[in-house]
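Quick caveat, the model's predicted, so the values are computed rather than measured. Sequential numbering from 1 along the given sequence is applied to the chain's residues.
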Amino acid sequence: MKKLLFISLLLILNINLLAQRKQIDSLKKLEIKLSNQKNFEKDTNYIKTLIQISDAYHNIQADTSLIFAKKAEKLAEKYQFERQIAEASRMIGVVYRVKGEYDNATKYAEKSLFLSKKINHKINLGGAYNLFGNIYDMQGKYPQALENYFQALKIRDEIKDMKGKANTIGNIALIYTKQKNFEDGLKYNFEALKIREKIKDQMGISSNYNNIAIIYHQQHKFEEALKFYYQSLKIKIKIGEKKGIAMAFNNIGRIHLEKKDYYQADTCFSKALSIFGEIGDKMMVCEAIQGLARSELGENQYQKALEHAKKALDLAYQTNTKENIKNSLLTLSKCYEGNKNYEEALRYFTLYKTEYDSLINNQNEQKAQKMQAEYDYNKKEISLKNQQQKKLADQHFYTLMFVYALIFVLIILFFINRSRNKIIKAKNIIEAQKTEIEQNQEEILAQNELLSEQKYALEQNQEEILTQKDLLSEQNIFLDEYRSKMTQSINAALLIQQAILPNINKIKPFFKDFFAIYLPKDTVSGDFYWIEKIDNKIIVATADCTGHGISGAFMSLIGHTLLDQIVLQHKIMNPAEILTNLHQEIQIVLRQKETNNNSGMDIAVVVLEKKSENSQIKLTYSGAKRPLYYIDAIENEKINILKGTRKSIGGEQNNSPFENQSVVLHENSIIYMCSDGFSDQSDLYRKRIGEVKVLECLNENSHQHLSFQEQKLFELLKNHQKNTEQRDDIMFLGMKI
C-alpha cells in the first residue's frame, strides 16, 4: 500500500509538472514571438524572457537552464546592457550552484555583484549577496555565508522586497540550524514563514515547513518532524517543484533510517535519488546514495551498501563537499567492517578521522582569523592613544621628574620593610607545617595500605566486568541473528500474502472503475479480499480475520485457500452456501471442536450477475458480521446498507443460518465492502472515526470518480488519525459495476 501511495504522489507530481511545463511553453512562445520582430536581439524584453525561461528550468533541468542563461548573457554583453548582464550572470551562478560546481558559481556571482554595485541595481545586488551565501553554505563556510546573507537582508529590507527578504531570513535560519543553534533556527524560520503566508508564497512556505522539520529532526522529535516534512511535500507536489520533492523524500528517509524502518527509508531515498539525478544535482545525489548505503547497512546487505558508498564518495570528491566526503568515508569503513575486511575498514576510518580533524581545524582557523582581526584593530587603537600620551608626557616630563623620583624611593623603602616582615612570618609558618607533616606521616602510611587493598578489590571487579562484557557480546550476536531471521521470515510471509491477493490488472476489466485501500497494521495483514469471474458471474469476498500480523496472515491464507476450494472446485456460487461451507471447513481445518480454538473471520460475499434482457445487474449478498454499502446509479441518491448475520465464521457460534439478500441495480452503480479497521481507527483522544463519518464521506463524493473518493477516504483517515498509531488492519474496496 505504501508503494501505491508513492505512485499516487508521483501521478500528482506529473500533473503539476504538466502545469509547470505549460508555463515554460508559454514563455517559449513569447520568446518565439519576440524573435520574429525586427532587431529582436536588441530588445531587453527578449533577453529578460530568456532569463525567465532559465529560472523556470533551473530546478528541473539544470543543463537546459544554463543554455538559456548563457544565451541571455551573450546578447546582453554584445549590446552592453549592463543591467541584463548582471541578471544573466547571477542566473548562471545559481545554475552552477544547483549543479554543485562552486568555482564556476563563485565566478559568475562575483561578476553579477560587481556590475550590480556599479549601476546601483539593488534588486540584483541583494540576489548576488544571497547567491554568495548559498555557495558558502553548501561548502560549509558558515561565517562567510551569514555575512553575505545579512548583507542581502539589509538590501532587500531597504527596497521592500518581501519575497526576497523571507528567502534570505530562511537561509539565515538554515545556517543557525547547521550550527546546532536550534533556538535561533526556529525563530528565523517562523519569522520567514509569517512573511510568506502573508504574500501567499507557496514554495517559500513549503521551504520553511521543511527547515522547521529539520530542526525537530535533529532534536529527535520525529513525529513533529514528519508532520512538517509531509506538509512541505504536499505543497512541493502541488507546485511541481522537483528538487523540493526530492529533498522532502530524502529527509523523510533519514527519519525512517533513525527509526530503523529500513524498507521505508530505502523507498524514500530511491525516490529522492531518481529526482536529484534527473535535475543534475550532484551533491544531493551523493546524499541520497549515502542514505541508501546506510539503509542497506541496517539490513546487513553489506555488498550493496559497499557499492553505493563507493559511488557516494566519488561524487563527494567531484563536488568537493567536505561534509559528504567525511560521511562517505565513515560509511565505507562500516561496510568493510560488515564484510569482515578489517584492514580496509581501518584504512577508511583513518581517512574519515583525518577529514573530520580537517573540518574541525578549518572551523578553528576561521575563529582564529576573526580573533586576529580584532587584535589588529585593538592594537592600532592602542598605538594611536600611546602617541597622544607620549606627546602629553613630554610636556610635563621635567615638572614631574622630581616627584616620580621621590615616590620611587618611598616605594623601595616600603617594599624592603614589607619583605622583612614576610620573611619572619614565613619562617614561623614553615616551622608549624614541619610539625604537622611529621604528625600526618603515620596516617599517610596507613592510608597507603588501605589503598593497596582497594586496588586489589578493583582488579578483581574488573576481571568480573570483562567476563560479563564477553557474555553480553555473545548474547547481542545471538539476538542480532535471531532478529535477522525473524525479519526474513516476515518479509517472506509478506511476499506470499501479496501473491495471493487479486491482481489489479486482472480484475479491473470486471468493473467500470475500482479502488482498493489495503493498509496492514504490521508488515503482513489479517484482512484479505478475493475476486473471481465464473461465466457471467463476478464473486467478491472481503474478510477480516481474527488477529493481525503473523497470526492474522496465516488465517487469511487459510480463508483464501478454502474460498478457492468452495467456489472454483465445488462451483458453489450462492453467497449463503459459500459462508456455510466456509464456516464448516474452518472448524474442520483448525480442529476447533477438539482444541476449543475459536479463530475465524468476519466476511461479506457478493455475487454480481448481469441480466441479459436489459442493463440491470442482480446483486446477491450474504454477510457474517460485515455489511455491504451500495448506491444505485438511478434510483438512489444516498448510500444504502445491507446488514449481515450476527454470526462469525469459525469457532462455536449460534445456530442462526446465513441468509441471502438480493437487489437489482443499474449500470454505473457503486458498491463498497470493507473491514472494520477503517471505522475503528482512533484519534489522540481514543475517539473512533465511526461508520457515520465514513458514510458521510461516501455520500458527499459518490458522484465523483472512484480515485477521487479513494483520496477523500485517505484524507479522512489521515486527518482523524494524525500521529496516532494504526490500531488494526485496514481494507476498503470500491467497485463501479
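Phe514 and Tyr529 have tilted rings, their planes meeting at an angle from 30° to 60° on a 0 to 90° scale.
How far OG1 of Thr595 is from CD of Gln587: 10.5 Å, rounded to the nearest 0.5 Å. One distance of note links CD of Gln681 with NE2 of His720; it measures 6.5 Å at 0.5 Å rounding. Distance check: Lys221 NZ to Ile255 CD1 gives 13.0 Å after rounding to the nearest 0.5 Å. Taken from CD in Glu700 to CD in Gln709, the straight-line distance is 11.5 Å, to the nearest 0.5 Å. With rounding to the nearest 0.5 angstrom, the OG1 atom of Thr267 is 10.0 Å from the CZ atom of Phe249.
Counting heavy atoms of neighbouring residues, nucleotides and ligands inside a 6.0 Å radius, atom NZ of Lys512 exceeds 12 of them. Within a 6.0 Å radius of NZ in Lys227, no more than 12 heavy atoms belonging to other residues, nucleotides or ligands are found. No more than 12 heavy atoms of other residues, nucleotides or ligands shown are found within 6.0 angstrom of NZ on Lys718. Within a 6.0 Å sphere centred on CZ of Phe554, other residues, nucleotides and ligands contribute 12 heavy atoms or fewer. The local environment of NE2 in His705 is sparse, with at most 12 non-hydrogen atoms from other residues, nucleotides or ligands closer than 6.0 Å.
At a threshold of 4.0 Å, the pair Glu715-Lys712 counts as salt-bridged, since one of the basic side-chain nitrogens sits closer than that to a carboxylate oxygen. In this structure, Lys236 pairs ionically with Glu241, as a charged nitrogen and a carboxylate oxygen lie closer than 4.0 Å. One finds a salt bridge joining Lys506 and Glu532 here, because a Lys/Arg side-chain nitrogen approaches an Asp/Glu carboxylate oxygen to under 4.0 Å. Salt-bridge check for Lys521 with Asp729: failed, with every basic side-chain N at 4.0 Å or more from each acidic carboxylate O. In summary, Lys259 and Glu223 engage in a salt bridge, as defined by a charged side-chain N under 4.0 Å from a carboxylate O. Comment: Asp281 engages Lys243 in a salt bridge, judged by a side-chain N to carboxylate O separation of less than 4.0 angstrom.
The closest side-chain donor-acceptor pair between Gln653 and His583, if any, does not fall under 3.5 angstrom. Under 3.5 Å, the side chains of Ser656 and Asn654 contain a donor-acceptor pair of N or O atoms. For Tyr263 and Asp261, the side-chain atoms include no donor-acceptor pair closer than 3.5 Å.
Counting only heavy atoms from C-beta outward, the side chains of Tyr630 and Ile639 never approach each other to under 4.5 Å. Annotation: side chain of Asp564 is not in contact with side chain of Gln569 (no heavy-atom distance under 4.5 Å). In this structure the side chain of Ser622 never reaches within 4.5 angstrom of the side chain of Ile578, judged on heavy atoms. No side-chain heavy atom of Val540 sits under 4.5 Å from any side-chain heavy atom of Phe510. The side-chain heavy atoms of Thr620 and Val606, taken from C-beta on, include no pair separated by under 4.5 Å. Taking the side chain as every heavy atom from C-beta outward, Thr580 and Pro657 never approach each other to under 4.5 Å. Side-chain contact between Leu297 and Tyr302: present, with at least one pair of heavy atoms (C-beta onward) separated by less than 4.5 Å. With contacts defined as side-chain heavy-atom distances shorter than 4.5 Å, the pair Asn536/Lys610 does not qualify.
In this structure, Ile631 and Ser702 approach most closely via the heavy-atom pair CD1-OG, 3.8 Å. Considering all non-hydrogen atoms of both residues, Ala312 and Cys286 come closest at O-SG, 3.1 Å. Residues Leu579 and Ile649 come closest through the heavy atom pair O-CD1, 3.5 Å. Of all the heavy atoms in Ser232 and Tyr209, the pair that sits closest is CB-CB, 3.8 Å. Closest approach of Cys697 to Leu713, counting heavy atoms only: SG-CD2, 4.0 Å. Heavy atoms only, all atoms of each residue included: Ile531 and Pro502 are closest at N-CG, 3.8 Å.
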